[in-house]
Amino acid sequence: INPFVVYEEVSFAASRRASSQGPTAAAAAAARFVRRRRRRPSGSHLSRAAKMTTTTKTTTTSEEETPVTFVTGNAKKLEEVKHILASSSSVSSSCPSTVRIVSRALDLPELQGDPKDIATEKCLLASKEIRAPTLVEDTSLCFNALKGLPGPYVKWFLEKTGLDGLNNMLAAYEDKTAYAQCIFAYCDGKSEDVELFVGRTNGRIVKARGKTEFGWDAVFEPDEQRDEKNRKTDGEMEKEEKNTISHRFRALEKLRKAKFQ
């Protein structure tokens with residue numbers, strides 16, 4: 001039943017009774033009917049306003065929670081990136097980072113060239129597929145005696161020759177110094193602008209010591225050490241110690257300050 005129809009029929013009947021009593025009574029009845037109708041709230045308007053408010057809140061929340069997709073299929077690497085961002089944020093900033101990092105494995109082409117160019121191109125290719133904020137990492141291990149080699153190709157050298165093979169590459173050289181370099185490339189997914197954040201840690205190549213399951217950590221001994229008398233490779237360090245001096249930490253700290261605080 002439509003309440004407006006019933007209300008109008010009753011009011012119309014009342015006004016007819018009032019007409020028989022004279023024009024003054026009829027006018028008063030009509031005025032009362034108009035006033036009552038004006039006071040009656042419009043449910044459809046209220047409902048529409050509520051829907052608009054809800055939609056606005058939902059959109060805002062969705063935008064705030066849009067995650068950054070880190071392109072990797074390596075669970076340990078994802079864990080380390082999350083740990084570094086969380087720990088460096090809470091220690092060095094009064095405005096902690098609230099960014100949410102998720103991972104996605106993509107089959108990107110193997111590129112060659114300068115590490116910065118490789119990182120930029122990989123990020124562009126990934127962001128076109130992800131269509132959201134995208135983060136790509138490119139890591140290099142560079143031997144000074146070999147003018148920066150193996151550089152960004154260290155992954156394939158390690159797969160083919162192992163840790164001993166990396167040592168053998170420097171067997172004929174007195175200079176065992178090297179630097180570990182990490183480049184994080186970031187794209188917001190809305191444009192083709194890519195920002196690069198570079199971190200570097202100097203050190204030297206030594207015989208493997210410590211844990212060997214994380215890349216070439218076991219053969220890289222950073223120059224910066226907590227205990228100079230008991231020097232450690234990255235493979236011998238605890239996560240908290242390594243993550244305060246590593247090339248990845250330094251690159252991520254630059255990224256966090258620029259984008260996530």
Side-chain angles (χ1 to χ4, degrees), residues 66-89 97 99-142 148-159 166 178-189 192-203 211 213-220 222 234-235 237 239 242-261:
T66 301
V68 175
T69 300
F70 177 37
V71 180
T72 182
N74 188 325
K76 287 184 176 294
K77 185 178 290 188
L78 174 65
E79 179 186 352
E80 185 170 291
V81 167
K82 286 182 174 181
H83 180 80
I84 290 173
L85 283 175
S87 59
S88 64
S89 172
S97 169
V99 66
R100 185 162 64 93
I101 304 291
V102 298
S103 67
R104 180 173 171 183
L106 292 178
D107 187 18
L108 299 175
E110 301 297 347
L111 305 173
Q112 298 183 10
D114 180 83
K116 290 184 179 180
D117 294 337
I118 293 174
T120 299
E121 187 62 23
K122 284 169 61 177
C123 191
L124 284 173
L125 291 171
S127 67
K128 288 178 181 178
E129 185 163 342
I130 295 170
R131 299 182 181 277
T134 303
L135 188 63
V136 170
E137 180 194 43
D138 190 78
T139 303
S140 302
L141 181 62
C142 307
L149 289 174
Y153 313 115
V154 65
K155 172 184 175 181
W156 293 276
F157 278 83
L158 185 59
E159 286 179 356
L166 295 181
Y179 62 89
Q181 179 174 275
C182 179
I183 302 176
F184 276 97
Y186 175 84
C187 181
D188 62 11
E192 293 191 354
D193 295 332
V194 175
E195 297 178 70
L196 301 180
F197 304 90
V198 182
R200 179 182 291 194
T201 297
N202 294 320
K211 299 175 182 177
E213 67 267 20
F214 203 90
W216 34 265
D217 278 8
V219 299
F220 184 73
D234 279 350
M237 292 182 182
K239 184 184 297 184
K242 174 189 170 185
N243 287 347
T244 60
I245 62 171
S246 74
H247 53 305
R248 183 170 287 116
F249 163 78
R250 287 171 172 155
L252 282 173
E253 183 66 358
K254 292 178 181 179
L255 170 68
R256 183 189 64 78
K257 289 180 178 180
K259 310 302 297 185
F260 302 148
Q261 73 170 19

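Note that this is a predicted model, so its numbers are computed, not measured.
A 6.0 Å sphere centred on CD of Glu159 holds more than 12 heavy atoms belonging to other residues, nucleotides or ligands.
At a threshold of 4.5 Å between non-hydrogen side-chain atoms, the residues Glu80 and Lys76 do not count as touching. The shortest side-chain heavy-atom distance between Arg248 and Thr139 falls under the 4.5 Å cut-off. At least one side-chain heavy atom of Phe70 sits less than 4.5 Å from a side-chain heavy atom of Lys77. Counting only heavy atoms from C-beta outward, the side chains of Phe220 and Leu166 never approach each other to under 4.5 Å. Taking the side chain as every heavy atom from C-beta outward, Leu125 and Glu129 never approach each other to under 4.5 Å.
A pairwise comparison of heavy atoms in Asp234 and Pro222 identifies OD1-CG, 3.1 Å as the closest pair. Taking both residues in full, the closest heavy atoms of Gly215 and Leu158 are given as C-CD2, 3.7 Å, listed atom of the first, atom of the second, then distance.
In this structure, the side chain to side chain contact (heavy atoms under 4.5 Å, CB included) partners of Ser127, at least two apart in sequence or on a different chain, are Thr134, Cys187. With sequence neighbours excluded, no residue forms a side-chain hydrogen bond (donor to acceptor under 3.5 Å, both in side chains) with Asn243. Every residue meeting the salt bridge (charged side-chain N to carboxylate O under 4.0 Å, His left out) condition with Lys239, not counting sequence neighbours, appears here in chain and number order: Glu79. Under the salt bridge (charged side-chain N to carboxylate O under 4.0 Å, His left out) criterion, Lys82 pairs with no residue, sequence neighbours left out. With sequence neighbours left out, the side chain to side chain contact (heavy atoms under 4.5 Å, CB included) criterion links Pro150 to Phe143, Val154, Phe157, Met169.
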Can you give each donor-acceptor pair under 3.5 Å made by side-chain atoms of residues 193-202, sequence neighbours left out, with the distance rounded to 0.1 Å?
from: Glu195; atom 1: OE2; to: Lys259; atom 2: NZ; distance (Å): 2.8
from: Arg200; atom 1: NH2; to: Gln181; atom 2: OE1; distance (Å): 3.2
from: Thr201; atom 1: OG1; to: Ile245; atom 2: O; distance (Å): 2.7
from: Thr201; atom 1: OG1; to: His247; atom 2: N; distance (Å): 3.0
from: Thr201; atom 1: OG1; to: Arg250; atom 2: NH1; distance (Å): 3.0

Determine all donor-acceptor pairs shorter than 3.5 Å in which one atom belongs to a side chain in residues 110-122; sequence neighbours excluded.
from: Asp114; atom 1: OD2; to: Lys116; atom 2: N; distance (Å): 3.0
from: Thr120; atom 1: OG1; to: Lys116; atom 2: O; distance (Å): 2.9
from: Lys122; atom 1: NZ; to: Glu137; atom 2: O; distance (Å): 3.3

